[in-house]
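Note that ligands are numbered from 1 as they come in the structure, with each ligand's atoms numbered from 1 the same way.
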Amino acid sequence: MNQIFDGVYREGRNIATKNKFKGNTVYGEKIISEKGNEYRLWDPERSKLAAAIQNGLRNWTIKKDYNVLYLGASSGTTPSHVADISNLVFAVEISKRMMRNLIQVSEIRTNIIPVLASALKPETYMDRILSVDFIYQDVAQPNQAEILNKNAEIFKPKFAMLAIKARSIDVLKNPSQIFKREIAKLKNFEVLEIIKLYPYDKDHVLVNLRYKG
Ligand SMILES: C[S@@+](CC[C@H](N)C(=O)[O-])C[C@H]1O[C@@H](n2cnc3c(N)ncnc32)[C@H](O)[C@@H]1O
C-alpha cells in the first residue's frame, strides 16, 4: 500500500483507508491486510469522494485530527471511510430508515456520531456538535449551495467538499450551467478544484472548497 494522501492508500488501481476498527466492514468492501494493518478498499462506484480521488483530485484537505460535519450521511458508506481518515464525524441524516443503519455502523465505529436532523436547519443540531474543521456535503437536494452556506456560517470550517447532482436541481437544464450557477452562490468559499465524477456518477461534480469566513 502506498499512501497518496493523509489516510488514503493506493495499491494498483484500488484505493483504500486504514481500518480503525479491525475486522469490521460496512458495505461488503474487501479488506487487505499488510504489516499488521488492515485496509478497507474504497469503492468509487459507491462513494463520490472515492470517485473524485480516482478522477484526479489533487488538493487533499482532510487531516487526521479534523472533526468533520458530514451532511447527508445515508447508511454510512462514505462516512465510514472519512471516519477512518479523521478524528470525529458528526453524521447528519434526515431519513429515519437510513439512520437505523447508520446507528448500527456507529455502534462499532465509535468516532461516528449520528445526528437525525435536516441539514437545512443547523440551528437544531448545533448544540450537539463540537468544533468543526471540515464539512462534507452530499444531500442530493435542490438547494445544495444554500445548505452548505448555512452550515458554514454556523460551524466555520477550514475546508469543505460539496457533491452537486445536477438532476436534483433541474432535470432539464444543461448540467454545466447548473454547476456554474450553484458554485457562484458559494460566496464565502474559494474554489480549489471541481472534479467531474463521470463515469462513476453521471452529471455530478465534487467541488473542493476553502472557507474564507
Ligand atoms: C446521495 S445520498 C448520500 C450518500 C452518502 N454521502 C455516501 O456517500 O455514503 C443523499 C442522502 O442525503 C439525505 N438527505 C436529503 N436531504 C437531507 C437533508 N435536508 N438533511 C440531511 N440529509 C438529507 C438522504 O436521505 C440521503 O440519505
Side-chain angles (χ1 to χ4, degrees), residues 7-8 15-17 24-29 40-55 57 62 68-86 89-106 108-109 111-126 128-129 132 134-155 157 160-169 171 175 178-179 182 185 195-198 200-209:
V8 184
I15 56 169
T17 57
N24 177 258
T25 60
V26 174
Y27 56 103
E29 69 279 17
R40 299 165 56 223
L41 293 193
W42 194 357
D43 185 351
E45 303 281 352
R46 303 281 300 272
S47 168
K48 296 182 189 87
L49 182 49
I53 294 169
Q54 292 291 36
N55 280 359
L57 181 131
I62 308 179
V68 175
L69 176 61
Y70 193 117
L71 307 174
S74 193
S75 54
T77 302
T78 306
S80 69
H81 286 287
V82 173
D84 275 348
I85 295 164
S86 61
V89 174
F90 298 98
V92 178
E93 172 54 50
I94 198 170
S95 150
K96 285 190 177 150
R97 192 165 65 86
M98 294 302 166
M99 183 50 68
R100 277 196 284 276
N101 294 334
L102 188 61
I103 287 171
Q104 281 178 356
V105 171
S106 71
I108 292 170
R109 299 185 167 268
N111 66 335
I112 298 178
I113 293 105
V115 179
L116 178 64
S118 169
L120 252 179
K121 295 182 181 163
E123 63 282 3
T124 63
Y125 51 82
M126 59 189 286
R128 279 177 279 166
I129 288 171
V132 168
F134 189 96
I135 299 179
Y136 185 90
Q137 182 183 316
D138 178 17
V139 294
Q141 287 289 307
N143 41 2
Q144 292 165 33
E146 180 196 342
I147 293 175
L148 181 57
N149 282 333
K150 267 190 162 183
N151 280 273
E153 249 172 57
I154 290 186
F155 296 106
M161 286 183 193
L162 171 64
I164 307 180
K165 179 180 179 183
R167 293 179 70 82
S168 298
I169 295 171
V171 283
I178 296 174
F179 297 143
E182 244 1 66
K185 293 181 193 165
I195 312 287
K196 289 190 180 139
L197 302 186
Y198 186 84
Y200 304 107
D201 288 285
K202 199 167 165 261
D203 297 338
H204 276 76
V205 289
L206 189 88
V207 190
N208 203 354
L209 299 155

### Identity of the nearest option to atom 3 (C) of ligand 1, non-hydrogen atoms only, from Gly72, Ala51, Ser75
Gly72
### Query
Looking at Ala119, which atoms of ligand 1 are within less than 4.0 Å of one of its heavy atoms?
18 (C), 19 (N), 20 (N), 21 (C)
Show me the donor-acceptor pairs within less than 3.5 Å that the side chains of residues 68-77 make with the rest of the protein, sequence neighbours left out.
none

### Query
Which of the atoms of ligand 1 are close to Ala117, meaning less than 4.0 Å from one of its heavy atoms?
20 (N), 21 (C)
### Task
Before signing off on this row, confirm whether Ile147 and ligand 1 have an N or O atom pair separated by under 3.5 Å.
no
### Summary
Nearest non-hydrogen contact to atom 1 (C) of ligand 1 from the set Lys165, Arg97, Arg46, Lys48 belongs to Lys48
### Query
Which ligand 1 atoms, with their elements, are less than 4.0 angstrom from a heavy-atom of Ser95?
25 (O)
### Per atom 2 (S) of ligand 1, closest listed option by heavy atom (Leu71, Asp138, Asn101)
Asp138
### Query
Looking at residues at least two apart in the chain, or sitting in another chain, which of them share a side-chain hydrogen bond (donor to acceptor under 3.5 Å, both in side chains) with Asp84?
Thr17, Arg40, Arg109
### Query
Where does the angle between the aromatic ring planes of His81 and Trp42 fall among parallel (under 30°), tilted (30 to 60°) and perpendicular (over 60°)?
parallel
### Summary
Within 4.0 Å of some non-hydrogen atom of Thr77, the atoms of ligand 1 are 9 (O)
### Query
What protein heavy atom is closest to atom 24 (C) of ligand 1, reported as residue, atom name and distance in Å?
Glu93 OE2, 3.4 Å
